[in-house]
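Numbered from 1 within each chain, the chains take letters A, B, ... in sequence-line order.
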There are 2 protein chains.
Amino acid sequence: MRESRRSPLIGNTGIVSGLVLRIGQCAFAAASVGFMVSSPGFYSNTAFCYLIASMGLQMLWSFFGLAYMDDYALSRKRDLQNPVLFSVLVVGDWVTDMLSLTIVCSSAGVIVFYEKDIKFCKQHDYVDNPCIRFVISVALAFITWVLIAITSHVMFWTLASV
Amino acid sequence: MRESRRSPLIGNTGIVSGLVLRIGQCAFAAASVGFMVSSPGFYSNTAFCYLIASMGLQMLWSFFGLAYMDDYALSRKRDLQNPVLFSVLVVGDWVTDMLSLTIVCSSAGVIVFYEKDIKFCKQHDYVDNPCIRFVISVALAFITWVLIAITSHVMFWTLASV
């Protein structure tokens, strides 16, 4: 792991940009859950329930696990990149990355179905239309996934290049 | 690119397992398109139409582009892994990989919505039930994605480790 210790990539664990990415993942996941929970009738759709579960898991992984670890590494000026720990992080990031992407796409598929195929969104007037909140929630979940994907690819690249 | 020339990873371009993976991607994508096109009423669903488009693109990329290239490299015993070409292949594989996964998940989300939330599948009897063909088509598309993901990760790993 010598090369990665000398010049860690942007977004890697143990440097400031890595910590920012983790906190961003957590914040966007929380906002996504908030918008989905506050939209009326979300519980009658399986994909939206899984979206809440997936974003909740992402919050736990990003914040309690890794932002804490990043913060610890930064404050003590210690490098936590030992090979075993690093492999566990890569696998964990990859799992949450794939999980988030699949759930976001499923939810987006259902929203397109609502919008284009059964015209569900046009049946409601502007005030009590849940579609707007569904769309915002899925958009925030997508941003969360983009941030996880950046972290995940940086970690995978680092693991492959050592 | 010296190391990858000496010992290419399983599934890499220019070796037999790479050719098998490419032909497998093409075959499963074709089967997925066949099942979807033959199911009644697929055209009223946007996600299923995009699934056909995505799997069609995958067939073009896997078969006409890369299986041909693999076959050429194998028959002439030539190594086509120059850095520029290899980077183009990695980017192309990554794009088709992400495209396939997103469309497969969207379609799967719609099928879960049909099955669990609006009980669409139980409204039809066994003979003219389109849900079975939808499910088989999406399952075949998922297998296609697994094969692309293997190829894509092997290529990315090779690019990162040189």
Enquirer: So, taking the atom named CZ in A/F48 and the one named CG in B/D117, what distance separates them when rounded to the nearest 0.5 Å?
Expert: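 Here the rounded value is 9.5 Å.
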
Enquirer: Measure distances from B/Y114 to the heavy atoms of chain A and classify the residue's part below 4.5 Å as side chain, backbone, both or neither.
Expert: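 Side chain only.
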
Enquirer: Looking at A/G109 and B/S106, what are the two nearest heavy atoms and their distance?
Expert: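 Result for this residue pair: CA-CB, 3.8 Å.
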
Enquirer: Once you round to the nearest 0.5 Å, how far does CZ of B/F113 lie from OG of A/S107?
Expert: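 Answer rounded to 0.5 Å: 12.0 Å.
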
Enquirer: Verify the cluster assignment for A/L60 and A/I148: are they in a single hydrophobic cluster under the rule of side-chain heavy atoms below 4.5 Å apart?
Expert: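 As far as the 4.5 Å side-chain criterion goes, A/I148 and A/L60 are not connected within one cluster.
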
Enquirer: State whether the number of non-hydrogen atoms from other residues, nucleotides or ligands found under 6.0 Å of A/F35 atom CZ is greater than 12.
Expert: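 Open.
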
Enquirer: Check this for me: A/F28, atom CZ, are more than 12 non-hydrogen atoms of other residues, nucleotides or ligands nearer than 6.0 Å?
Expert: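 Counting neighbours around CZ of A/F28, 12 or fewer heavy atoms of other residues, nucleotides or ligands fall under 6.0 Å, so no.
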
Enquirer: Measuring from A/T46:OG1 to B/E115:CD, what's the distance to the nearest 0.5 Å?
Expert: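 Here the rounded value is 10.0 Å.
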
Enquirer: Among A/I103, A/I111, A/V104, A/T102, which residue forms the greatest number of heavy-atom pairs with chain B at distances under 4.5 Å?
Expert: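 Going by pairs under 4.5 Å, I would pick A/T102.
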
Enquirer: What is the ring orientation for B/F156 with A/F156, classed by angle as parallel under 30°, tilted 30 to 60°, or perpendicular over 60°?
Expert: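 If you compare the ring of B/F156 with that of A/F156, the planes turn out parallel.
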
Enquirer: Do A/F42 and A/V135 share a hydrophobic cluster, counting only Ile, Leu, Val, Met, Phe, Trp and Tyr and linking them when any side-chain heavy atoms are less than 4.5 Å apart?
Expert: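 Yes, A/F42 and A/V135 fall within the same hydrophobic cluster.
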
Enquirer: In terms of hydrophobic clusters joined by side-chain contacts under 4.5 Å, are A/I52 and A/L140 together?
Expert: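 Same cluster: A/I52 reaches A/L140 through Ile, Leu, Val, Met, Phe, Trp or Tyr contacts under 4.5 Å.
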
Enquirer: If Ile, Leu, Val, Met, Phe, Trp and Tyr residues are connected whenever their side-chain heavy atoms lie under 4.5 Å apart, and connections chain through other members, are A/V91 and A/I150 in the same group?
Expert: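 Yes, A/V91 and A/I150 fall within the same hydrophobic cluster.
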
